[in-house]
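Beneath this line is the structure, given in structure tokens, with notes to follow.
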Amino acid sequence: MHEWLARIIDWVRRDRLQAELDDELAFHRTLLERDARLEGASADDAAWAARRQLGNATRVREDARERWSVPWLDHLQQDVRYALRGLRRSPAFTLSVVVTLGLGIGANAAMFGVIDRLMFRPHAYLRDAGRVHRVYLQYTDREREHTRDGMEYTRYLDLRRWTTSFAGYAAYYHATLAVGTGDVARERRFAAVSASFFDFFDARPTLGRYFQAAEDSTPVGASVVVLDHGFWKTEYAGRNVLGQPLQIGSDMYTIIGVAPEGFSGVSEGANPAVYIPITTFAAARSRATSRQYFLSYDWGWMDMMVRRKPGVTIAAANADLSAAHARSWNAERALVAWRPPVDVARPRAVASALRSAAGPDPGLEARTLRWVSGVAVIVLLIACANVANLFLARALRRRREVAMRVALGVSRGRLIAQSLTESIVLSLAGCVVGVAVAQWGGVALRRLFLDDTSRLDLVTDVRTLLVALAAALFAGMITGIAPVMFGTRGGLASALKVGQREGTYHRSPARTALLITQGALSMTLLVGAGLFVTSLQHVRDTRLGFDADRILLVRRDFRGAQVSDSDQVRLGRRMLETAQAIPGVERAAWVSDIPFMITSTARLSVPGIDSVARLGEFTYQQGTTDYFATMGTRILKGRGFSKEDRANAPAVVVVSASMARVLWPGVDPLGKCIRVGADTAPCTTVVGVAEDVAHNSLTEAQRYRYYLPIEQFRPENGYAVMVRMRGDPVAAVERVRAALQTVMPGQAYVIVRPMRDVVDGERRSWRVGATMFVAFGVLALAVAAVGLYGVIAYNVAQRMQELGVRVALGAQPSDVVRLVVGQGVRFAVLGVTVGTVLAIGAARWVQPLLFEQSATDVRIFGAVGGVLVAVAVLASSIPARRATRVDPNTVLRSD
Amino acid sequence: MPPAKRDLLPGTLDMLILSSLSVQSMHGYGIAQHIQRLSQDKLRVEEGSLYPALQRMRQKGWIKAQWGQTPNNQRARYYTITVLGQRQLGEQETSFAELLDAIARVMRPV
């Protein structure tokens, strides 16, 4: 290893070594001459003796030189020079190859940059990352598998107590809180972590220490905080801050340490500014309630990570975790009797990736992203096919030259090496272009996927660069081998014998195959694009059941301050009155839940139905009188809320159309009774039926919702105000915020957001899929069209003589056009056919990502096929026109 | 009249060079002289094989080369043995001793 490196280094500086050796030999000779003269020889004799003793100087030099000559390096150098010379001679060819490969490589580098951060990149400082997992809890509900979002602290204790497969356990939670006091207070991300969390990392604190087990204990941990390195640098300028107080939420903490640079725990996205003991946080969050977070199972919020013991397989660890989860489930059932038994819910647990996008339930967006990465690979393949095609065309042009060289004794191996060198030189140039493309496109991609405007640089990211390089070498290999494999076949003699103008035109099956591959891959990508675009269209067209475009969502944040229920209720009413008085506000309503953000459920019973819960999930919304008019949710039957529905008036409820159908099929729901909260609760009478709305997700199938007047139910849960604007709500955001801020007590503040933004967030995965598939699909189509044009143009040039004969025999221009274009169309039709088969094969996996759109929609396949054929006609019509200008006189006489 | 040139046993040149350099750093001429002197002119290193051998050993990392000044203020390339070279010398000495021993047993059976 060392020797080879030394030899390569010597090879690079071989000229200098040679000169040095000459100096050395000259020095040796002068000393030998001196010796001879000391023994009394004459000057001439001495020189002669020295020369004789030194032996043949040329041989010495030759022998020594052999030590620093590396034959394959010599060949490589030769080949690179040869390649560069050839490429300089045909700049158009070089440019088209470099750009084509650059786009393919760039697409992959950029996608990898995103996927890597989302799924693969190990967290900084994490020790032995392969054995560290996040624990995902799963259970079955109504025949469907669910992966839970958050875990109870009690459950974490259970799993820790009842498993034996792990050497370490940690609990963690990320959210935002106001950090700092007074003017410097800002909403910042924080991490609440167990003391054991830091044992997972090889990260010595820059300053001070991390918290210890004694500081992270139930019921209440110590009020200590470890600062993020970046936060410490920007907020404290890197001063010694140990022992200083820092307000987080409503509590004061003491700074005990600073995490090292680059440490971000297992956070995805922005670094947390501070790390606090998880029990301290849990106790603060539970203070207002009576809950004991470490004994009860009613607050699923945090995440759990584990370190597998060496020698324990993941399967064994999962079995261990699942058994513990089942035991914990029973412990929970002892407290909450209505939980289904273990044999129904089948609780399981899996130790999987820390990053949720790589975990067992990656979510729609991460899954879409995986497909988009696959698409990037296909774009590269199409680019490679195109480049291989260009190489092949050139190889065919060079047949005589190659045949000549083979005849002169150049080995096939050397030919392959030369061809490979050329293609790799090109692909490396493509790599440079690709990284530039990725750098430029990557910013847009990260903004699209990661919500990350950080200045993470692809150019300096080793992992991304390595992937770009690997993609380039891969592209170089496959494009370089193709022309040799197919180009040098056929008789040597025949290649030498024929003139420049070959007697007949050769079909190249390899080129045809490449062309059809390109067509097929373009077809699949464009079908994907079509599917995602129509899905997005369907998502947009889906009736939400409310007018997202007209509504502003107003929330308040008490910045961790404890506000009593009655104060909250008073503030809610005040906010509503203030909002209603703002000019431009059409209506406003005070509500408990927010679409896609907050959902409430309560125990529901309906006379005459055994178990309502078995029918599905029923969620409720509380609102004030104008709720339906504000949201734009239509009342289909009966009435909405009225001013008469006061706290002491008879309790009323409005149900969604779906809920009415499932509870009272074929019966008028008006006047029916439901009991909310407990089986013994008094009747709440159905007074109206509202249209279905999307609340938990755009795609949920069950839309069982009911609406309660907030003043009749739980006004203390009133959380937000919905404001319906007369004009454009986006323009009014600041005005509404300023008006409502005036009524906020103390440090509390209001957050105003157009409802449209919230809905757009829900549509993101389809938008991402549509955008990326369209971008890559169009790219692929353009590349394939250029490839087709190249092949047809080449074929026309090859067939000039034959076409000349046809014209001489009376063929009309339209016949010639039909002949040439017909060939292009045949290629396209074959590509479309193969692509259709591929797309139908992939349909099963793409289907779940789509929305109300069949993955095998004939219309989309037909449209895309039509586009491809049209493009083929266009691409081949240019060479076809050239063919019609054939002058038989010239063509038949040339050569 | 110089004594008859004696061919080195194959493979011993490296060992002799390393052994010379383990005394002190030397230039090529010095190594040749050193071997010749210590062997009382019985062994003579052919310069034609000395320099290729030095290049080879440098590439293997057994010795380092550095330009320096001779006591007479001439520029010469000095070779120094490395840790790797010392280890190599030890191994070669051992195997060479074993070889001599084996030959001696064959020549003079006890």
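Please read these numbers as outputs of a predicted model, since none were measured by experiment. Within every chain, numbering begins at 1; the chains are lettered A, B, ... in the order of the sequence lines, protein sequences first and strands thereafter.
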Spacing of [X] atom [atom1] and [Y] atom [atom2] [to the nearest 0.5 Å]:
X       : Y       : atom1 : atom2 : value
A:Phe27 : B:Gln74 : CZ    : CD    : 5.5 Å
B:Thr70 : A:Leu31 : OG1   : CG    : 7.5 Å
B:Leu50 : A:Glu24 : CG    : CD    : 8.0 Å

Is atom [atom1] of [X] surrounded by more than 12 heavy atoms (other residues, nucleotides or ligands) closer than 6.0 Å?
X        : atom1 : result
B:Asp101 : CG    : yes
B:Gln66  : CD    : no
A:Gln18  : CD    : yes

Practice item. Name the region of A:Leu21, side chain, backbone, both or neither, that has any atom closer than 4.5 Å to a heavy atom of chain B. Key: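 Contact with chain B is through both the backbone and side chain of A:Leu21.
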Review point. Can you name the closest pair of heavy atoms from A:His28 and B:Tyr29 and give their distance?
Key: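 Closest heavy-atom pair between A:His28 and B:Tyr29: CE1-CA, 3.5 Å.
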**Study point:** Pairs of heavy atoms under 4.5 Å with chain A: top-ranked of B:Gln59, B:Arg56, B:Gln55
**Key:**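 Among B:Gln59, B:Arg56, B:Gln55, the one with the most close pairs to chain A is B:Gln59.
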Can you give each donor-acceptor pair under 3.5 Å made by side-chain atoms of residues 81-88 of chain A, sequence neighbours left out, with the distance rounded to 0.1 Å?
{"residue": "A:Tyr82", "atom": "OH", "partner": "A:Glu401", "partner atom": "OE2", "Å": "3.3"}
{"residue": "A:Tyr82", "atom": "OH", "partner": "A:Arg405", "partner atom": "NH1", "Å": "3.3"}

**Study point:** Counterpart residues, side chain to side chain donor-acceptor pair (under 3.5 Å), relative to A:Glu20 (two or more places apart)
**Key:**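 Expected list: B:Trp67, B:Arg77.
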